[in-house]
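Chain letters run A, B, ... following the sequence lines, proteins first and then strands; every chain starts at 1. Only a predicted model underlies this, so the values are computations on that prediction, with no experimental measurement involved. Values below: every heavy atom of this structure, side chains too, minus hydrogens, waters and symmetry copies.
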Amino acid sequence: MNPTYVQVAVNIPQVSGVFDYHVPEDLGGEIVPGCLVVVPFGSRQVQGVVLRQVDQPQVADTRPVNALIDFEPVLTPIQLRFAQWLAERTLSPLSTCIDLMVPPGLSQQADMLYHLNDAQLSDPARLNDVQKRTIALLQERGDLRGRQLEAAFPRRNWKPAVQALVRMGVLMTRPVLLPPQVQPKMARNVQLAIPADQVGQQDALLGRAGSQAFERRQRALRTLADEPGVVDVTWVYAASGSSLADLKYLAERGLVRLGESEVIRDPLRNLTWAPAEAPPLTLAQQKVWEEIHRAVHTSAQGKASPPFLLHGVTGSGKTEMYLLAVEETLRQGRQAIVLVPEISLTPQTVRRFQARFPGKVGLIHSRLSQGERYDTWRRARAGLLQVIVGPRSALFSPLPNVGLIVVDECHDESYYQAESAPHYNAVAAAVAMAREAGAVVMLGTATPDVSLMYGFQLAKWKVLHLPDRILAHREAVRAQMNQFGLQEPVMDGSEATASLPLPPVKIVDMRLELKMGNRSIFSRELTSALEETLAAKQQAILFLNRRGSASYVFCRDCGAVLRCPRCDLPLTYHRGEDMLICHTCGYRRKMPNKCPMCASEHIRQYGMGTEKVEQLLKERFPHAQVLRYDAETTAGKNAHDLLLNLFANHQADILIGTQMLTKGLDLPLVTLVGVILADVGLNFPDYRAAERTFQLLTQVAGRAGRSPLGGRVVLQTFQPKHYAILTAARHDYQAFYAEELAQRRRLRQPPFTRFVRLLYRDLKAAAAEESAQEMARQLRGWIAAGNYKQTDLIGPVPCYFNRLNGYYRWQIIVRGPDPAGLLRGRSLGDWVVEVDPPNTL
DNA sequence: AGCACGCCGACT
DNA sequence: GTCGGCGTGCTC
């Protein structure tokens with residue numbers, strides 16, 4: 001038989017090529033595209049994924065595929081194509097894109113094992129700190145892998161020092177590849193191997209009559225005789241006092257059969273949901289549904305369907321559209337992926353899916369154990385789950401026949417993977433994945449990114465509108481009003497689907513407040529609005545945009561600002577502990593009494609944190625119950641739900657919160673939303689600063705007046721004439737879009753050009769700058785050589801966050817019609833490459 | 001990433 | 001003369 005050859009992408013993030021291997025006879029036929037295999041690579045064994053079979057290998061001498069890790073392919077053919085698209089799009093190695101699709105724990109990367117030799121060291125005094133600590137660690141814990149040393153020396157450049165020990169003969173190294181860390185979970189079971197009525201005649205086989213073991217074995221047999229069929233061993237242990245040894249003893253004598261069966265680790269196992277039925281649709285929903293319904297059908301017949309952008313304000317019934325689309329997709333025998341921003345923050349959305357499709361939903365989120373995640377992944381692959389709901393990573397679920405991809409709140413930043421390569425945007429990726437799969441894609445939001453909207457208009461893809469907020473809380477509000485002995489408000493409309501107006505927004509010019517002698521953070525407008533809300537026994541939300549503001553500490557005499565020694569960013573003052581904390585790296589220090597620069601005692605905190613707002617609020621409204629909703633108070637496991645339930649049940653009157661408040665909360669009794677300072681964030685040196693501010697304000701304003709009680713919004717700002725604030729106050733997306741687009745066109749920013757951001761990080765400031773200058777020279781050379789007339793560089797410059805985690809950061813933005821084209825296929829070394837980055841900070 | 005090969009500076 | 005710096009290239 002001819003040897004078969006396969007092309008393999010090896011699981012080493014830095015290796016971008018593909019390699020050919022031959023398939024040994026004993027694996028012939030098993031190895032198909034998508035399989036996870038072990039292959040020799042240089043001196044080590046590495047994991048790889050088979051991309052395709054090839055007739056002719058690229059080199060004369062091939063090495064063999066060593067082992068097959070899983071008999072089923074781990075990637076579907078669609079996923080293999082999708083991974084290749086993603087690699088090209090993000091300028092990332094294919095292996096990193098493939099690795100997104102292999103569940104953590106199953107995927108393993110090659111590592112190095114470090115072993116301490118017995119021989120004594122001649123001159124221990126000459127060793128440096130890392131070397132001494134490495135030796136101590138190895139003495140204490142035995143052999144260690146590179147990953148473990150990495151954890152022991154965070155942010156330290158330990159490799160050269162350890163390599164020196166290897167050269168000195170103190171250490172030995174050996175490449176290792178760990179087996180997968182996840183496996184199907186098996187449970188032992190047992191069943192009787194003889195007819196139940198013969199159980200009483202086996203005493204001769206049960207050991208010495210009358211002994212304890214005899215008694216246990218006899219009881220075990222009787223238990224099984226009463227229980228026909230296969231039972232869990234633990235059940236037998238509990239009923240008879242026997243142990244595995246006893247059952248094995250019985251099995252050896254042919255009396256019982258031991259077996260194993262898989263136990264699914266299902267995070268939703270113990271939850272039951274009252275099945276929910278679809279509510280009646282509004283007219284707008286019906287029109288949207290007609291479009292989606294048609295698309296789901298034509299795509300199930302193999303015809304491509306362009307993406308949909310579902311532009312609808314908060315509470316306009318987008319989720320119901322998703323639910324219907326999923327239902328129809330399932331009816332066509334296909335599966336659906338639903339992406340949501342942050343699972344812990346949108347329990348309401350998730351619950352709706354679970355209630356509508358009981359038993360069919362697989363949930364992915366960050367709190368799942370590796371085993372749960374692995375089992376969910378395998379059930380998806382086996383076609384046992386029809387709907388996967390999760391964050392951006394859920395897009396990579398191995399569903400056999402994806403017919404629908406939903407991206408809810410598609411403007412959300414969490415859809416962009418900023419932390420590690422590949423730096424991808426799950427919205428763009430969902431569109432590409434849907435194209436590969438022949439699936440329908442629905443992108444839903446109240447505030448589409450202007451680039452996305454512009455893209456839809458250029459491509460003439462359909463934008464569907466749901467302009468009205470649906471009054472869905474009539475019953476809930478009525479119940480709550482009765483509970484508090486309040487009179488029922490007058491409600492417009494009589495149908496269940498009556499719509500609600502968007503809340504009026506009042507812009508308050510804080511400059512005038514200062515001129516009028518009001519030095520408080522609460523304007524007179526906001527103060528009286530709060531008073532009225534409290535008097536009416538309704539609820540308020542105060543929104544504080546922390547990002548970019550700073551509760552920083554500065555000296556009123558010399559002006560020095562206290563900064564993090566690692567990140568160079570202003571430190572945040574925490575009143576309770578009297579501590580200064582860096583919110584980027586976690587550095588903390590005691591609040592000093594004197595300015596470290598000039599020793600003045602006039603040093604104090606400035607700016608606002610949620611704690612400060614809480615304190616001021618309590619001073620001004622001593623009788624109000626105030627809740628704080630921020631990273632600190634929601635740190636516990638179910639703290640989010642707990643806090644929100646507390647507030648939803650009117651245990652508190654005012655909720656103070658940050659960004660987290662903008663996510664899909666649904667709090668009907670809230671009639672007032674106050675934004676402490678709307679222009680925070682507007683002055684970031686970033687092309688999307690205005691857009692982010694508009695999106696944030698629009699989302700926050702949407703929290704008010706979601707009931708027949710009505711509602712209003714107060715925006716406090718020092719820039720009352722800024723278009724982002726004016727248009728957000730009018731709920732006027734179109735006006736913002738037009739103005740923002742005009743700005744972007746004028747400033748040659750996306751979507752009229754495209755950005756690739758190149759980021760360099762170095763522990764030494766000079767080295768970072770030098771590398772940046774060198775890269776810029778190279779880039780200019782490529783631009784000139786390739787005659788890229790419309791492509792230019794922004795930078796090199798230090799980043800806005802010019803020091804993060806101890807690293808100095810420099811960046812270069814390559815701007816042009818196709819900056820990725822300029823860079824494709826070139827080696828960028830240690831540079832972080834981001835194509836179409838959502839921010840350039 | 002790891003490792004080999006390769007070409008210039010200070011040490012037994 | 002060699003040991004060792006890290007630059008460059010390769011891993012099927």
Within the structure, does a side-chain N or O atom of A:Lys159 lie under 4.0 Å from either OP1 or OP2 of B:dA1?
no
Checking A:Asn157 against A:Lys159: is there a side-chain donor and acceptor pair closer than 3.5 Å?
no
What do the steps show when you test A:Trp782 against A:Tyr788 for side-chain contact (heavy atoms from CB on, under 4.5 Å), and what is the final call?
CA-CA 8 Å; A:Trp782 294 339; A:Tyr788 286 85; over 6 Å; no
Measure from CD on A:Gln163 to P on C:dG4 and round the result to the nearest Å.
13 Å
With the side chain counted from C-beta on, respond yes when A:His115 and A:Arg174 share a heavy-atom pair under 4.5 Å apart, and no when they do not.
no
Nearest-neighbour nucleotide for the A:Thr62 side chain, B:dG2, C:dC12, C:dG5 considered
C:dC12
Take the protein atom CZ of A:Arg147 and the nucleotide atom P of B:dA1, then report the distance between them rounded to whole Å.
13 Å
Under a 4.0 Å threshold between the charged nitrogen and the carboxylate oxygen, would A:Arg780 count as salt-bridged to A:Asp792?
no
Under 4.0 Å, heavy atoms only, any strand: does A:Pro175 hit a base, just the sugar-phosphate, or nothing?
nothing
So, OP1 or OP2 of C:dG5: does either fall under 4.0 Å of a side-chain N or O from A:Arg167?
yes
Distance in angstrom units between A:Gln108 CD and B:dA1 P, rounded:
19 Å
Assign A:Phe41 to base, sugar-phosphate, or nothing according to its heavy-atom contacts below 4.0 angstrom with the strands shown.
base
Could you state the CD1-P distance from A:Ile12 to C:dC10, rounded to the nearest angstrom?
16 Å
Roughly, in whole Å, what's the span from CG in A:Asn157 to P in B:dA1?
11 Å
Rounded to the nearest 0.5 Å, what separation is found between the CD1 atom of A:Ile794 and the OG1 atom of A:Thr753?
7.0 Å
Give the nucleotide from the list B:dC3, C:dC12, B:dA1 with an atom nearest to the side chain of A:Arg63.
C:dC12
Please give, in whole Å, the distance from C:dC10 C1' to A:Gln58 CD?
14 Å
Which part of the nucleic acid, if any, lies within reach of A:Val39 when heavy atoms closer than 4.0 Å are counted: base, sugar-phosphate only, or nothing?
nothing
Rounded to whole Å, the CD-P distance (A:Gln45 to C:dC12) equals 10 Å
In whole Å, I'd like the distance from the CZ atom of A:Arg44 to the C1' atom of C:dC12.
14 Å
